[in-house]
There are 2 protein chains.
Amino acid sequence: MELSCKSEYALLALLELADRYSQSEPLQIRQIAALQSIPDRYLEQLLATLRRAGLVRSQRGAKGGYVLAREPWKITLLEVVESIEGTDSQQVETQRGVKSIEGMVIREAWQEAGQAADAVLQKYSLQDLTEQRNSRQQLDLMYYI
Amino acid sequence: MELSCKSEYALLALLELADRYSQSEPLQIRQIAALQSIPDRYLEQLLATLRRAGLVRSQRGAKGGYVLAREPWKITLLEVVESIEGTDSQQVETQRGVKSIEGMVIREAWQEAGQAADAVLQKYSLQDLTEQRNSRQQLDLMYYI
DNA sequence: TGTAAACTCCGGTGGAGAACCGGGATATAA
DNA sequence: TTATATCCCGGTTCTCCACCGGAGTTTACA
């Protein structure tokens, strides 16, 4: 399980949006980029992808920006990473038509491993992560005192 | 979970070696490459990596070749993929020194997903795969008759 | 002892994707 | 109308993957 820069940026941005979900005002790319130290022109691309995937909504023009398209507890990490990563669900397998039996057995093992990983990412929502972060922050504060 | 060409080639080669584990004669790169349709010069690199990882032993010179360093049931898929894949254990993380709490929470989720996938790959040995293949072949034969 | 057969080490290439940057077009609140 | 934001098009640099080739080294065997 490799956590790409892409996916991490997207998650960080979505977490910022999740924080401000109840507000009516949208968050701008620049603001998100500044808050999480993400190159803004790159983040722009990622947000466009997330918008096409239906995870965020955008408001163009002055006072525009982005808002979460759904409640933070209804967006799972799996959904985010599948949206942002190439997600051509049926891989480019079947590359040489006939694959050896060994190849099939190997792929089945990998499929099982992938499903196990996906199950973990599916059980966490954006909300879960923000809550984890909040309790972590509280803990830091206690140690500080 | 992406199954790279590299890992698949390595697995296919190791399965061939697992088949002939009881024999005393080593298998040559050319033979393995021909059996599994793997580019031989590329396979050579992969086998060198597997040798350095201690999974296979090589015999140089005429009548040389490769043999499994251990019994086929003592080599797990996880071990193979970790040997063959970049395994620069400490990734380029800690890239910007201080990472945000959000970043840590995200990474922990990914770690959990990775561990779930690893657990699957760890429970299968080369022996398991060859057995799966054998029963699959038998099944094919039954349908043929 | 010679030699051919094998591995070993070195480097290089082409293509793909990741991680960016920039310019201009478009939409919108004031 | 203008300032401000997203949208869309492209390009660049860098790394890694998959693969090839040559020169050197080791070793079984005649």
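Letters A, B, ... are given to chains in the order of the sequence lines, protein chains preceding strands, and every chain is numbered from 1.
Where Ser58(B) and Tyr9(A) meet DNA chain C, the nucleotide closest to each residue was compared, and Ser58(B) sits on the side nearer the 5' end.
Residue Tyr143(A) shares its hydrophobic cluster (ILVMFWY side chains chained together at separations under 4.5 Å) with Leu139(A).
A donor-acceptor pair under 3.5 Å links the side-chain atoms of Thr49(A) to the main chain of Gln45(A), judged by distance alone.
Taking the side-chain hydrogen bond (donor to acceptor under 3.5 Å, both in side chains) definition, one finds that Arg41(A) meets it with Glu44(A), sequence neighbours left out. Every side-chain contact (heavy atoms from CB on, under 4.5 Å) that Glu2(B) has, sequence neighbours left out, goes to Glu2(A). With sequence neighbours excluded, no residue forms a salt bridge (charged side-chain N to carboxylate O under 4.0 Å, His left out) with Arg57(A). With sequence neighbours excluded, the residues forming a salt bridge (charged side-chain N to carboxylate O under 4.0 Å, His left out) with Asp19(A) are Arg133(A), listed by chain and number. For the side-chain contact (heavy atoms from CB on, under 4.5 Å) test, residues two or more places apart in sequence or in another chain that qualify with Ser4(A) are Lys6(A), Ser7(A), Glu85(A). By the side-chain hydrogen bond (donor to acceptor under 3.5 Å, both in side chains) test, Gln127(A) is found to be paired with Glu131(A), residues two or more places apart in sequence or in another chain being considered. In this structure, the salt bridge (charged side-chain N to carboxylate O under 4.0 Å, His left out) partners of Glu108(B), at least two apart in sequence or on a different chain, are Arg136(A).
dT26(D) atom C1' lies 10 Å from atom CD of Gln59(B), rounded to whole Å. If you take CZ of Arg30(A) and C1' of dC7(D), they are 14 Å apart, rounded to a whole angstrom. When the P atom of dA18(D) is taken as reference, atom CD of Glu2(B) falls 10 Å away, rounded to whole Å.
Within the structure, the salt bridge (Lys or Arg N to Asp or Glu O under 4.0 Å) test picks out the following pairs touching residues 116-128 of chain B (sequence neighbours left out): Glu112(A)-Lys123(B).
No more than 12 heavy atoms of other residues, nucleotides or ligands shown are found within 6.0 angstrom of CD on Gln138(A).
On the nucleic acid side, DNA chain C contacts chain A at distances under 4.0 Å to non-hydrogen atoms, with the end points of that region at dA18(C) to dA29(C).
Taking only distance into account, the side chain of Arg60(A) meets the base of dT6(D) through a donor-acceptor pair shorter than 3.5 Å.
The stretch residues 38-54 of chain B touches DNA chain C through Glu44(B), Arg51(B), Arg52(B), each having a heavy atom within less than 4.0 Å of the strand.
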Contact list (N/O, under 3.5 angstrom) for nucleotides 1-4 of chain D vs protein:
{"unit_1": "dT4(D)", "atom_1": "O2", "unit_2": "Ala62(A)", "atom_2": "N", "d": "3.1"}

